[in-house]
Amino acid sequence: MASKHSELLARLESMNEQELRRQLAYHLTEKPLGLVWERDAIEHDRALNANAVLPRISTEHSCLGDNESTGNLVIEGDNFDALRLLRKTHAGKIRVIYIDPPYNTGTKDWVYNDDYVSPKDRYRQSKWLEFLYQRMTLARDLLASDGVILISINDENRAHLELLMDQVMPGRRLGSMVWRTRQGSNANQSCFMSADHEHILVYGNPGFQFRGYEKSFDMYSNPDNDPRGPWQSADLTLGFSYRERPNLYYPLVDPKTGIHYPPNPDNIWRYATGKKVKPGQRLQTKTIEEFIELDQVIFPQKQEVKTWHSMEELLQAIDNGNVPKSGKTYTLRRELPDLEQWIGKPIGFGRPRFKRYQRDLKNPYQPVSSWIVPKFEDGQYEAPGSFVSTTNVEGARNITGIFGDKVFNYAKPVTLIRHLLDQATRANDTVLDFFAGSGTTGQAVMELNKQDGGNRRFILCSSTEATKKEPNKNLCRDICAERIRRLMEGTTNHEAFGGSFAYLMLDLLEEADLELDATPEHAQALLAMRDTDELHLANQGDILPVGGNAETAILVCRKINESVIHQLLEWPAKRLIVYSGRPQALSDALPYDSAIESRALSDVFAYAAPSHSTAEV
């Protein structure tokens, strides 16, 4: 600690007056307020930036035919490495990121540096925050301009994670959702309170919006055969008081009967009167007089009508409560301004309504509810389409139905994630889950595609969770990928979804070793991820197709010889982009007018080289 103080003192002494002023201003006005965690006393993952991350397709573990291509990926490895790779290949391409990160409960819920974090670890909270911070700053760069991140979190750590995300994505918090994870339990005997809910934090880029629920038009009808079509009787008030919006506090008069209607002092009229519009003032909508002229104001037909001929009569009626009401609110009260305007006028006790036409709806959808409830409470809430099952019911049963045993604990219900993706995605979006666990997000994507005919793709990143005590454990291979494979091929309890995925393994190479140890197979996978979003298995030939069409094809060559050159000249595409270890030799061997562009494999590996920057930059 003393050395740190000495370093700080020396740094301050080396500053000139202007630098000191700037430093002081920063600490007084710009230093982040809120979440602080220990970063110096824990081991950082920044050292991982000293190497390159290269993808390698596993033929054995992929669910992919020899001549098939796929945009679905299952990536085995540390998700920090996976995110570093994806930042090279998928920056700005991901529409929806959903994650269910470890909750830092103190149990064996997450592995840090090849070991479970002990609940007695004095830096447990800081490790958790740093662990998420470095990953979230990488994930942020993957989002499309209208992309969104959805994060599940428990009640205990919601505040910490929200403050963390406010630093990662300042100003982009859209809100949160709450969902019931189980039926009420008495887990905490001391206060008799059941913590049976979790949160979903929503952080999105400016262009994002949920789809919403399609509105029901059952309340619209046309009993008077209005040529403008179906309509409903709607409220004519606005949620402001007469003090807040004095220009909207005025008598509403039925021009056919001369009956006056006082506004609710706490919820004044929705539309302005032309009598109070100032010269040159522009309104966003029509005046109340214009709506009356269009017959869009519905005045009561049968009601009590009274006339008070003096202020004394009016005040006595107010004191006796014998004045019009809007709900439980009296519309005439002693403290209201201009009470004399009601004297000598016929005052209606009914309430005018507004004729709102179906055709005038600006949006046929209503917003997503922030309250997601379990199926056993269906019918108790007005949240259409937001009913999901619970973790201990659907999540556990689904895993058991696929594997025949409960091989994974606390899997999220598929209905929850499918509901979220139904609201957040479009038909051709890519969904990323870099805490994929047992692969529930992949199943949700497949179910949603089957439901609406979409072509969404998933990228699932899952670690092995191997430790010193369990060196052979591989959650990604044996649970996540196997679950997706079984669902694609069909099980006893699930109809086959069909489809395919590429299983990627991550090779970490020092920058100095790229030229020697990086392979054409690495280049094929990297180029496919970056340029085509479609991966192929690496075949046994000398030419590895990356992707393309009849116009342009991208290829990687293991070697350059006469046979390869002949195949390239016969390749069924008008233009070829060919990567090889001997680009000049290929160029020299091609005809002068060849439509083949020769590029170096070293260019691909240079692209994959570490950026020499930390995740927080």
Side-chain angles (χ1 to χ4, degrees), residues 215 217 219-224 226-308 311 314 317-318 323-367:
K215 290 180 178 177
F217 301 116
M219 70 288 292
Y220 289 89
S221 62
N222 197 356
D224 59 352
D226 193 314
R228 290 166 287 193
W231 56 274
Q232 67 164 318
S233 173
D235 190 11
L236 194 51
T237 65
L238 198 61
F240 295 97
S241 71
Y242 74 96
R243 292 187 179 90
E244 296 171 298
R245 296 288 191 274
N247 60 315
L248 296 177
Y249 181 75
Y250 59 85
L252 180 54
V253 182
D254 183 350
K256 296 180 180 179
T257 63
I259 295 176
H260 289 53
Y261 296 91
N264 182 335
D266 301 326
N267 295 88
I268 38 71
W269 300 124
R270 180 174 295 273
Y271 303 107
T273 172
K275 299 176 183 178
K276 290 192 174 185
V277 176
K278 299 177 181 179
Q281 183 180 359
R282 299 181 63 181
L283 301 178
Q284 294 181 345
T285 184
K286 299 180 180 69
T287 64
I288 193 67
E289 289 83 6
E290 290 175 299
F291 282 122
I292 292 174
E293 183 69 23
L294 292 170
D295 198 26
Q296 278 191 255
V297 178
I298 306 170
F299 290 101
Q301 298 300 308
K302 296 181 180 180
Q303 62 177 324
E304 180 181 1
V305 178
K306 284 191 175 181
T307 302
W308 296 287
M311 181 63 72
L314 174 58
I318 291 174
V323 292
K325 295 172 70 176
S326 175
K328 296 182 179 181
T329 302
Y330 289 106
T331 60
L332 294 175
R333 303 196 294 250
R334 276 183 174 265
E335 76 275 9
L336 294 176
D338 304 325
L339 281 179
E340 61 276 3
Q341 67 181 319
W342 308 110
I343 298 173
K345 309 286 194 325
I347 307 300
F349 277 58
R351 300 301 296 166
R353 304 277 293 175
F354 188 72
K355 214 174 186 183
R356 179 163 288 119
Y357 293 97
Q358 181 179 325
R359 70 177 191 180
D360 292 337
L361 286 175
K362 295 181 179 179
N363 194 326
Y365 292 89
Q366 61 185 9

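Keep in mind that what you see is a predicted model, and the values were worked out from it rather than measured.
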Minimum heavy-atom distance between [X] and [Y], given as atom pair plus value:
X: L314; Y: L332; value: CD1-CD1, 4.0 Å
X: G348; Y: P324; value: O-CG, 3.6 Å
X: R351; Y: P262; value: NH1-O, 2.8 Å
X: Y250; Y: A272; value: OH-C, 4.0 Å

Check: D224/W231 side-chain N/O donor and acceptor closer than 3.5 Å:
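There is such a pair (donor and acceptor under 3.5 Å, judged by atom type) between the side chains of D224 and W231.
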For Y220 and Q358, which I'm curious about, is there any donor-acceptor pair between the side chains at under 3.5 Å?
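No donor-acceptor contact under 3.5 Å links the two side chains.
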For F291 and T285, what are the C-alpha separation, side-chain angles and deciding distance, and is it a side chain to side chain contact (heavy atoms under 4.5 Å, CB included)?
CA-CA 10 Å; F291 282 122; T285 184; 3.6 Å; yes
Beyond-backbone contact of [X] with [Y], side-chain heavy atoms, under 4.5 angstrom:
X: T331; Y: K325; answer: no
X: T237; Y: D235; answer: yes
X: L236; Y: V297; answer: yes
X: P255; Y: I292; answer: yes
X: I343; Y: Q341; answer: no

Run the salt bridge (Lys or Arg N to Asp or Glu O under 4.0 Å) test against D226 and tell me which residues pass, sequence neighbours left out.
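Here the qualifying residues are R228, K355.
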Please round to the nearest 0.5 Å and tell me the distance separating atom CD1 of I268 and atom OH of Y242.
12.5 Å
If you look only at distance, which donor and acceptor atoms sit under 3.5 Å apart when one is on a side chain in residues 301-308 and the other is two or more places apart or in another chain?
from, atom 1, to, atom 2, distance (Å)
Q301, NE2, F299, O, 3.1
Q303, OE1, F349, N, 3.2
Q303, OE1, G350, N, 2.8
Q303, NE2, Y261, OH, 2.6
K306, NZ, N322, OD1, 3.1

Which residue pairs pass the ring-ring contact (aromatic ring centres under 6.0 Å, His included) test with at least one member in residues 323-345, sequence neighbours excluded?
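Found none.
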For residues 267-280, the side-chain hydrogen bond (donor to acceptor under 3.5 Å, both in side chains) pairs (sequence neighbours left out) are T273-E289
Write out all pairs satisfying salt bridge (Lys or Arg N to Asp or Glu O under 4.0 Å) with one or both partners inside residues 239-264, taking only residues at least two apart or from two chains.
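Qualifying pairs: none.
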Any pair counted as salt bridge (Lys or Arg N to Asp or Glu O under 4.0 Å), so long as it reaches residues 330-347, sequence neighbours left out:
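Applying salt bridge (Lys or Arg N to Asp or Glu O under 4.0 Å) to every pair that reaches into residues 330-347, excluding sequence neighbours, yields D266-R333, D319-R334, R333-E335.
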